[in-house]
**Q** 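I'd like to ask you about the structure that follows.
Keep in mind that the numbers below use all heavy atoms, side chains included, and drop hydrogens, waters and symmetry copies. Chain A is the first sequence line, chain B the second, and so forth, proteins listed ahead of strands; every chain is numbered from 1.
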Number of protein chains: 2
Amino acid sequence: MRTVDPEQHARKRALILQAAAREFAVHGVDGTSTASVCRRAGIGSGTLFHYFPTKRALFHALFSDDLPRNAAARERALAAARPGDGLDLLVDHLLTDLADPLVPGLLAAALFQANRDEEFAVMVATDEALTRDALTTLLERAAADGCRPAFPPERLAGWILRLSDACYLAAGEEGFDPVAQTAELRRIVAGLVGRPAG
Amino acid sequence: MRTVDPEQHARKRALILQAAAREFAVHGVDGTSTASVCRRAGIGSGTLFHYFPTKRALFHALFSDDLPRNAAARERALAAARPGDGLDLLVDHLLTDLADPLVPGLLAAALFQANRDEEFAVMVATDEALTRDALTTLLERAAADGCRPAFPPERLAGWILRLSDACYLAAGEEGFDPVAQTAELRRIVAGLVGRPAG
DNA sequence: GCATTATTAGAGCACGCACTCTAGAGTGCG
DNA sequence: CGCACTCTAGAGTGCGTGCTCTAATAATGC
């Protein structure tokens, strides 16, 4: 019986995904042809469709691969000793890829795809809901710790997510500084959470 | 000499644009076919291309038609008696279409298009820069009036723009309340501006 | 070596696309 | 009325698409 080398398979898969990410970021889902992905990855179309059943699945994989990482970040944040530390951890995680030049394009493509691809929308919405829940829990703990939040925890959690989206929207502009942006977001969040000590 | 009735022309043009807006909002630029726009507008393809030279031009018109309105809003805001009133005016204008169900899709399509369509990007960026300038001016006046903004006026202006974009992105979620959202954004902005009287 | 199976390239396919062309209907003017 | 022109529909065009199929090759276990 012929046994598969899973490492080799994973490596090729990753290579294809990398090529696909570049294409999708620049041209979007409908705008990239499978042929262009193949060209960039240096493979034939047969190979591409051996690894991914459809172009859509290729795009989905680009994001579903990140889900475990997000789950881990949520767990770490919820396990933090103080709710404020957990919030910082989670906010930092939300901005992890801020410096990646592909991300603005990919985010735009993803936002758009979520409006018209049910399966993709559910995947993204589920992950976002989990993160929102984690944020809400942390904010409730913070409130119990003496913070004076500007809004109810759940609303505030929504605003934090929106603020992080806003950061990625700004990431395409020239002269964008991810570090400064992250620092400003933390200050804004701190203000909204109403931490007693600056 | 045969003279054209400009009203009739404008009416038909508007009808086509309305149909196009619906299609673009749901399927994006690459995802909508000119045939589907024609079907929805109840016209033949000959008619469509009589009014607009290309599909791209059709999409561009959807946004360029709004530019005069934006300019008017900026002027009104800058002419306000107190800078705080001007800010409120401009923020409200930014969220004008928050209740329009088509807007989240159109915004996503526009954000994406800005990443790959130079001409469109310039058009949008120019308008945004003007609005940012107006916000900056208003924030400088507010600071001279005794406000303690959290950031320099120009940075703050950027955050306000990004937040308003983010609001539109959130507008697709179920249970979304445009009025509450607007009120909350105004409170957040007020907090960032640091108005002496709440 | 042999059987089995994973992997690969790329020609080929059916289809949908943006846009053009043509021919005629509608419309204001002299 | 007839001219000059706009407006309109829809068939037609050439091209690019996502994806399938075939057939060859490489890798493995016996």
**Q** Nearest heavy-atom pair of A:Leu87 and A:Leu138: which atoms, and what distance?
**A** N-CD1, 3.9 Å
**Q** Respond yes when some side-chain nitrogen or oxygen of A:Thr47 is under 4.0 Å from OP1 or OP2 of C:dT7, and no when none is.
**A** no
**Q** In whole Å, what is the span from the CG atom of A:Leu15 to the P atom of C:dT7?
**A** 15 Å
**Q** Give a yes or no answer on whether the side chain of B:Arg141 reaches the backbone of B:Leu78 with a donor-acceptor pair at less than 3.5 Å.
**A** yes
**Q** Listing request: all ring-ring contact (aromatic ring centres under 6.0 Å, His included) pairs with a residue in residues 110-139 of chain A, at least two apart in sequence or in separate chains.
**A** A:Phe59-A:Phe120, A:His60-A:Phe120, A:Phe63-A:Phe120
**Q** OP1 or OP2 of D:dT6 sitting under 4.0 Å from any side-chain N/O of B:Lys12?
**A** no
**Q** Rounding to an integer number of Å, can you tell me how far B:Leu48 CG sits from D:dC7 P?
**A** 14 Å
**Q** Can you name the nearest heavy-atom pair linking B:Asn115 to A:Gly105, along with the distance?
**A** ND2-CA, 3.8 Å
**Q** Rounding to an integer number of Å, can you tell me how far B:Phe59 CZ sits from C:dA18 P?
**A** 14 Å
**Q** CZ of B:Arg56 versus C1' of C:dC19: gap in Å, rounded?
**A** 15 Å
**Q** What integer distance in Å separates A:Gln8:CD from D:dT25:C1'?
**A** 14 Å
**Q** Looking only at non-hydrogen atoms, find the nearest pair between A:Ala109 and A:Gly28 and report the distance.
**A** CB-CA, 4.4 Å
**Q** Listing request: all ring-ring contact (aromatic ring centres under 6.0 Å, His included) pairs with a residue in residues 161-180 of chain B, at least two apart in sequence or in separate chains.
**A** none
**Q** Would you tell me if any nitrogen or oxygen in the side chain of A:Tyr51 comes within less than 4.0 Å of OP1 or OP2 on C:dT8?
**A** yes
**Q** So, the side chain of B:Thr47 versus the backbone of B:Ile43: is there a donor-acceptor pair under 3.5 Å, distance only?
**A** no
**Q** How far apart are the C-alpha atoms of A:Asp127 and A:Arg74, what are their side-chain angles, what is the distance that settles it, and do they pass the salt bridge (Lys or Arg N to Asp or Glu O under 4.0 Å) test?
**A** CA-CA 10 Å; A:Asp127 185 64; A:Arg74 286 191 292 265; 3.0 Å; yes
**Q** Where do A:Lys55 and A:Thr32 come nearest, in terms of heavy atoms and distance?
**A** NZ-O, 3.0 Å
**Q** Would A:Arg162 count as a cation-pi partner of A:Trp159, with NZ or CZ less than 6.0 Å from the six-membered ring centre and within 45° of the ring normal?
**A** yes
**Q** Taking only N and O in the side chain of B:His9, is any of them less than 4.0 Å away from OP1 or OP2 of D:dC7?
**A** yes
**Q** Scan residues 113-121 of chain B against DNA chain C and write down, sorted by residue number, each residue with any heavy atom closer than 4.0 Å; if none is found, say none.
**A** none
**Q** Calculate the interatomic distance between B:Phe49 atom CZ and C:dT22 atom C1'; express it in whole Å.
**A** 17 Å
**Q** Below 4.0 angstrom, which residues in residues 22-30 of chain B have at least one non-hydrogen atom near DNA chain C?
**A** none
**Q** Let's see if you get this right: which residues in residues 31-46 of chain B place a heavy atom under 4.0 Å from DNA chain C?
**A** B:Thr32, B:Ser33, B:Thr34, B:Ser45
**Q** Which atoms form the tightest heavy-atom contact between A:Leu89 and A:Arg76, and what is the distance?
**A** CD1-O, 4.1 Å
**Q** Starting from P on C:dC17, measure out to CG on B:Leu58 and report it in whole angstrom.
**A** 15 Å
**Q** Can you check whether B:His50 has a side-chain N or O nearer than 4.0 Å to OP1 or OP2 of D:dC7?
**A** yes
**Q** Taking 4.0 angstrom as the limit, do B:Asp30 and B:Arg56 come out as a salt bridge?
**A** no
**Q** At their closest point, which heavy atom of A:Gly172 faces which heavy atom of A:Pro104, and how far apart are they?
**A** N-CG, 4.0 Å
**Q** When Watson-Crick pairs (N1 to N3 and N6-O4 or O6-N4) and G-U wobble pairs (N1-O2 and O6-N3) count only below 3.5 Å on both distances, what is the dot-bracket string of DNA chain C, with | for other-strand pairs?
**A** ||||||||||||||||||||||||||||||
**Q** Under the side chain to side chain donor-acceptor pair (under 3.5 Å) criterion, do A:Glu23 and A:Ser36 qualify, and how do the steps go?
**A** CA-CA 7 Å; A:Glu23 289 295 319; A:Ser36 72; 3.2 Å; yes
